[in-house]
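Worksheet: one structure, shown below.
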Amino acid sequence: RRASQVLANLGVAAGCAVLHAVSGRTLYLLTMTAALSEAAADTVSSEMGQASSQRARLITTWEWVPAGTDGGVSASGTLAGIGAAAVVSLVSILAGLLSWKWLGVSLTAAVAGMLADSYLGALLERRRLLNNDTVNFLGTLVAVGIAWLLV
């Protein structure tokens, strides 16, 4: 992996962790967990979707596209992504970072970020207006924003 890929997937979560360290607010642990859960969901959904199917649906038009196309989604990939987000969110709870009451917020925010990543991929990455690193960064940022709004 390149440094830009690591920053794109973990930069927002790291920023949330720093904000928690400075402020002590649990909100920042929640947003950190949502960002990490989204990064896992996006990665797992992409890999599982490509491994389990040769075709996907473009999230913006639902036309068939080859698996691996920016903005392409599949049922198996989406379900695997939701599962990955649930695992990361659960680990954060079992590790004592968050209470159980925040599971739904973290999971919902992560899934929303994963779907936003797909929309951005279809709308902007396919047109080469954004690169994958930027789309991944924005996906985690959307997850943080949704978590913030849900609280």
Side-chain angles (χ1 to χ4, degrees), residues 1-20 22 25 27-92 97-98 102-151:
R1 296 277 176 194
R2 296 185 321 270
S4 63
Q5 292 171 310
V6 174
L7 181 62
N9 285 298
L10 301 177
V12 173
C16 292
V18 168
L19 288 171
H20 171 70
V22 170
R25 293 185 63 197
L27 173 64
Y28 295 119
L29 288 177
L30 173 60
T31 56
M32 177 196 73
T33 299
L36 291 172
S37 297
E38 188 283 333
D42 176 50
T43 301
V44 169
S45 66
S46 296
E47 297 303 323
M48 183 59 115
Q50 290 179 65
S52 64
S53 179
Q54 293 187 0
R55 296 189 312 167
R57 295 274 188 174
L58 195 60
I59 196 166
T60 52
T61 64
W62 294 107
E63 70 183 272
W64 287 107
V65 293
T69 299
D70 297 325
V73 296
S74 66
S76 60
T78 301
L79 290 173
I82 293 168
V87 167
V88 173
S89 294
L90 279 170
V91 167
S92 294
L97 296 176
L98 296 174
W102 299 120
L103 177 63
V105 171
S106 178
L107 186 55
T108 299
V111 172
M114 176 184 72
L115 294 173
D117 182 289
S118 293
Y119 271 102
L120 291 169
L123 294 173
L124 302 173
E125 190 176 355
R126 287 188 60 177
R127 295 182 179 132
R128 306 215 188 288
L129 298 172
L130 293 179
N131 65 23
N132 187 254
D133 292 343
T134 305
V135 168
N136 287 343
F137 181 84
L138 292 172
T140 60
L141 199 58
V142 166
V144 165
I146 297 294
W148 190 288
L149 288 174
L150 291 175
V151 170

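Keep in mind that what you see is a predicted model, and the values were worked out from it rather than measured. Heavy atoms only: backbone and side chains are in, while hydrogens, waters and symmetry mates are out.
- Atom OG1 of T134 and atom CG of L124 lie 10.0 Å apart (nearest 0.5 Å).
- Atom CZ in R25 sits 11.5 Å away from atom NE2 in H20 (nearest 0.5 Å).
- Not one N or O on the side chain of S53 forms a donor-acceptor pair closer than 3.5 Å with the backbone of G49.
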Apply side chain to side chain contact (heavy atoms under 4.5 Å, CB included) to residues N136 and D117 and explain how you reach the verdict.
CA-CA 6 Å; N136 287 343; D117 182 289; 3.0 Å; yes
For V105 and W148, what are the C-alpha separation, side-chain angles and deciding distance, and is it a side chain to side chain contact (heavy atoms under 4.5 Å, CB included)?
CA-CA 9 Å; V105 171; W148 190 288; over 6 Å; no
Check against side chain to side chain contact (heavy atoms under 4.5 Å, CB included), M114 and T78:
CA-CA 9 Å; M114 176 184 72; T78 301; 4.0 Å; yes
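- Of the residues V144, L19, T140, the one that meets the side-chain contact (heavy atoms from CB on, under 4.5 Å) test with T31 is V144.
- G81 approaches V44 most closely through the heavy-atom pair N-CG1, 4.2 Å.
- You'll find the side chain of R126 reaches within 4.5 Å of the side chain of L58, heavy atoms only.
- Closest heavy-atom contact between A56 and V73: CB-O, 3.3 Å.
- Here the SG-CG distance, from C16 to L141, works out to 8.5 Å after rounding to the nearest 0.5 Å.
- Considering every non-hydrogen atom in both A116 and V142, the closest pair reads CB-CG1, 3.8 Å.
- Side chains of L7 and F137 form no contact here, defined as non-hydrogen atoms less than 4.5 Å apart.
- The minimum heavy-atom distance linking S89 with S106 is given by the pair OG-OG, 2.7 Å.
- To the nearest 0.5 Å, the span separating CG on L98 from OG1 on T33 amounts to 4.0 Å.
- Between the side chain of T108 and the backbone N or O of G104, at least one donor-acceptor pair lies under 3.5 Å.
- Shown here are the salt bridge (Lys or Arg N to Asp or Glu O under 4.0 Å) partners of D133, two or more places apart in sequence or in another chain: R2.
- Atom OG1 in T69 sits 12.0 Å away from atom CH2 in W64 (nearest 0.5 Å).
- Across all their heavy atoms, A143 and E38 have their closest contact at CB-CB, 3.7 Å.
- Looking at heavy atoms from C-beta onward, V18 lies out of side-chain contact with Y28 at the 4.5 angstrom threshold.
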Assess whether side chain to side chain contact (heavy atoms under 4.5 Å, CB included) is satisfied between D70 and V135, documenting all intermediate values.
CA-CA 10 Å; D70 297 325; V135 168; over 6 Å; no
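- Under the 3.5 Å distance criterion, the side-chain polar atoms of N9 are matched with a main-chain donor or acceptor of Q5.
- Considering only heavy atoms from C-beta on, M48 stays 4.5 Å or farther from L79 through its side chain.
- Closest heavy-atom contact between L107 and A85: CD1-CB, 3.6 Å.
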